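Accompanying notes for the structure given below.
Note that the structure is predicted; figures quoted are calculated from it, not measured.
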Amino acid sequence: MIQLSRWKIILVTASLVIGLLLAFPSVLTPAQREALPGWLPRNGLNLGLDLQGGSYLLLEVDVPEMREKRVSNLMEDVRVTLREDQINIAGMQREAGGVVVTVAEGAQYDAAFNALRTMSQQGVGPTGQPDRVAAKLGGGRIRFAFTDAALASMGATAVDQSIEVVRRRLDSSGTKEIAITRQGADRIVIQAPGQSDPAELERLVGRTAQLTFQMVDTSPTGLNDALAGRVPPDAELLTDDLGTPYLVKKRILVSGENLTRAGVGADQNNRPAIDFQFDSQGARRFGEATAQNLGKPFAIILDGKVISAPTIQSAITGGRGQITGNFTIASASELVNLLNGGALPAPLKVEERRVVTAELGADAVAAGALSTALGFVVIVVFMILAYGFLFGGVSVLGLILNGILIVAAMSLTQATLTLPGIAGLILTFAVAVDANVLIYERMRDEARQGRSVIASMDAGFNRAMGTIVDANLTTLVAALIMFMFGAGPVRGFAWTLTIGVFTSVFSSVLVAQVLLGYWLKVAKPKKLPIAE
């Protein structure tokens, strides 16, 4: 293993050059990075909120409005179901959590109750039981409503879902150190480092991205009546971005919940468009809806605005389609990101917004830099005192390359460095030197037993590798667990530590092999210096 192989020299040299190129922008200002030649990387280190400042948002999940929308959808489902079963309704009264239906004909009372009871079995609540229930009230009236357990769980579920949606929108890779946490029962706190404009953050986060496909009411006088203020109970009046009015049926044929993928494409005129694909349930419902409404227009609606209203020319059974409109590349890309991130289950209201300046963490930044420098100096002094200038110096050079590679990897992945990340960096230095200590001590033991310099060095690398791999593997497993189940600063620490595991093994083993192999070839020593 101590042989001076050509591929090892090439690998170490290439790693040093690439590492320097990737890490170099981190020592420049943003203006200096922009002035770099186009072939050079320009991404520097992302610093966390505690190091560079950023934006702070406090949001409140509008749970009451979400419940109102759920009840409205419930009413439309009841209306459509009874109409399809040809059951006449004398009246429908909305109440908290549900609706009371009055059946026009007594002979249809039992049929209406059975139809609604069948509907109640189609949804499952948090306890595994139906989340809706039908009950006879007498006098031709039937109450169909969400259960108390379902209503109680809507709030907590909406907050949890909102946190995940916001996280996917702002930090899909999980490495940008954006802290998204719950505060109280229905509030969410977002801390975004480096984002100096909370209004822009609010715009991106606040869009509900509710995509629905609904039929357009094409009755002769429907739109005119609606414009005059006489909107049918089963329809709603919406507009597009140009203000064109559309009378749209309230019943949702397919929603964004059935969306599996969205991407930026081009329409037949080569203008930006959005390609989408449904899951199996959405494809089936979309196919049935288009087959039953040939020649009729349907509206594609996003957050209450009509994007387009094409006419159905043929049944769309493949589950794929395209949304066209007045998109630019930027707006289409943003919308695709929102759709792929998922729709917010409820609107978010901004309770507080502020900009956090880097000066608030100036003392912490200074303390972190000082601790890193002190840790590095202590390690350097220890290695030189313990193993001399040659072997200790080799460890120091490997340590320097390790630091360069960590900065390069974090710049390449655009991971965020925070104070916990600096702690992971210091720990990585210690782990890197630990590998050298294991190798050197094994060499020292072999040399004291009378083995030659080459045999001692070869045994040091060979027999220490098992211990080095075991030690770093356990560290890697711990880091991966923290990354998977942690959030915010914990993930930042885990990510820095994970990068450090790979770079430390590379720098402490391979760099030491190359440098010591070259020394062995040139000096041809008769005695191992660290054996004394």
Drop me the distance from Glu351's CD to Lys349's NZ, to the nearest 0.5 angstrom. 6.5 Å
Measuring from Asp160:CG to Glu164:CD, what's the distance to the nearest 0.5 Å? 8.0 Å
Students often mix this up, so state it plainly: with edges at 30° and 60°, are the rings of Phe391 and Tyr440 parallel, tilted or perpendicular? perpendicular
Would one find more than 12 heavy atoms of other residues, nucleotides or ligands at under 6.0 Å from atom CG of Asn269? yes
So, does Arg182 use its side chain to make a donor-acceptor pair with the main chain of Val159 at under 3.5 Å? no
Flag yes if more than 12 heavy atoms outside Tyr387 fall under 6.0 Å of its OH atom; otherwise flag no. yes
For a side chain to side chain contact (heavy atoms under 4.5 Å, CB included) check, start with the C-alpha distance between Val264 and Ile274, then their side-chain angles and the critical distance, and finish with the verdict. CA-CA 5 Å; Val264 178; Ile274 297 172; 5.8 Å; no
Once rounded to the nearest 0.5 Å, what's the spacing between atom CZ of Arg451 and atom CG of Asp445? 11.5 Å
Any heavy-atom pair between the side chains of Ser162 and Leu348 that's under 4.5 Å? yes
Minimum side-chain heavy-atom gap Thr475-Leu497 below 4.5 Å: yes
Can you tell if the side chain of Arg353 reaches within under 4.5 Å of the side chain of Val350, non-hydrogen atoms only? yes
Using atom types as modelled and distance alone, determine if a side-chain donor or acceptor of Asn472 lies under 3.5 Å from a backbone N or O of Ile468. yes
Using side-chain heavy atoms (C-beta onward) and a distance below 4.5 Å, is Leu516 in contact with Met443? yes
Is it true that a side-chain atom of Arg167 and a backbone atom of Ile180 form a donor plus acceptor pair closer than 3.5 Å? yes
Which residues share a ring pair (Phe, Tyr, Trp, His ring centres under 6.0 Å) with Phe213, sequence neighbours left out: Phe276, Phe278, Phe286
Quick one: side chains of residues 11-19, donor-acceptor pairs under 3.5 Å with protein atoms, not counting sequence neighbours, listed by atom name and distance.
from: Thr13; atom 1: OG1; to: Ile9; atom 2: O; distance (Å): 2.8
from: Ser15; atom 1: OG; to: Leu11; atom 2: O; distance (Å): 2.7

Is Asp458 reaching over with its side chain to a backbone N or O of Ile454, donor-acceptor style, under 3.5 angstrom? no
If I compare all heavy atoms of Trp519 with all of Pro529, which pair ends up nearest, and what's the gap? CH2-CD, 3.8 Å
Distance in Å, Thr498 OG1 paired with Leu480 CG, rounded so as to fall on 0.5 Å steps: 5.0 Å
Check whether any side-chain heavy atom of Met457 sits under 4.5 Å from a side-chain heavy atom of Leu528, and report yes or no. yes
What heavy-atom pair brings Ala266 and Asn270 nearest, and what distance separates the two atoms? CB-OD1, 3.8 Å
Within the 3.5 Å criterion, strictly below it, is a donor on Gln513 or Tyr518 matched to an acceptor on the partner's side chain? no
Would you sort out whether Leu399 and Val433 count as a side chain to side chain contact (heavy atoms under 4.5 Å, CB included), showing the intermediate values? CA-CA 7 Å; Leu399 201 62; Val433 171; 3.9 Å; yes
Rounded distance [0.5 Å steps], CZ in Arg285 versus CG in Asp279: 9.5 Å
Under 3.5 Å, is there a donor-acceptor pair linking the side chains of Thr503 and Asn402? yes
What is the minimum heavy-atom distance between Leu22 and Pro25, and which atoms define it? O-CD, 3.4 Å
Just so I know, are the side chains of Leu476 and Phe502 near enough to count as touching, which here means a heavy-atom distance under 4.5 Å? yes
Grab the two heavy atoms, one from Arg442 and one from Ala459, that are nearest each other, plus how far apart they are. CG-O, 3.8 Å
Shortest non-hydrogen contact between Pro272 and Ala332, atoms and distance: CB-CB, 4.5 Å
Working to the nearest 0.5 Å, report the span between CG of Leu59 and CD of Gln183. 10.5 Å
Under the criterion side chain to side chain contact (heavy atoms under 4.5 Å, CB included), I'd like the reasoning laid out for Ile190 against Tyr56: C-alpha separation, chi angles, the key distance, then a yes or no. CA-CA 6 Å; Ile190 301 175; Tyr56 173 96; over 6 Å; no
Check whether any side-chain heavy atom of Phe24 sits under 4.5 Å from a side-chain heavy atom of Pro41, and report yes or no. no
Could you go through Val61 and Ile188, starting from their C-alpha distance and side-chain angles, then the distance that decides it, and tell me whether this counts as side chain to side chain contact (heavy atoms under 4.5 Å, CB included)? CA-CA 8 Å; Val61 181; Ile188 300 173; 3.9 Å; yes
With side chains defined as the heavy atoms from C-beta onward, is the minimum distance between Lys526 and Val453 less than 4.5 Å? no
I need the minimum non-hydrogen distance between Ile406 and Gly500, along with the two atoms involved. CD1-CA, 4.0 Å
Indicate whether any N or O donor in one side chain lies under 3.5 Å from an N or O acceptor in the other, for Ser26 and Ser411. yes
Look only at the side chain of Asp186 and the backbone of Glu60, and say whether a donor-acceptor pair between them is shorter than 3.5 Å. no
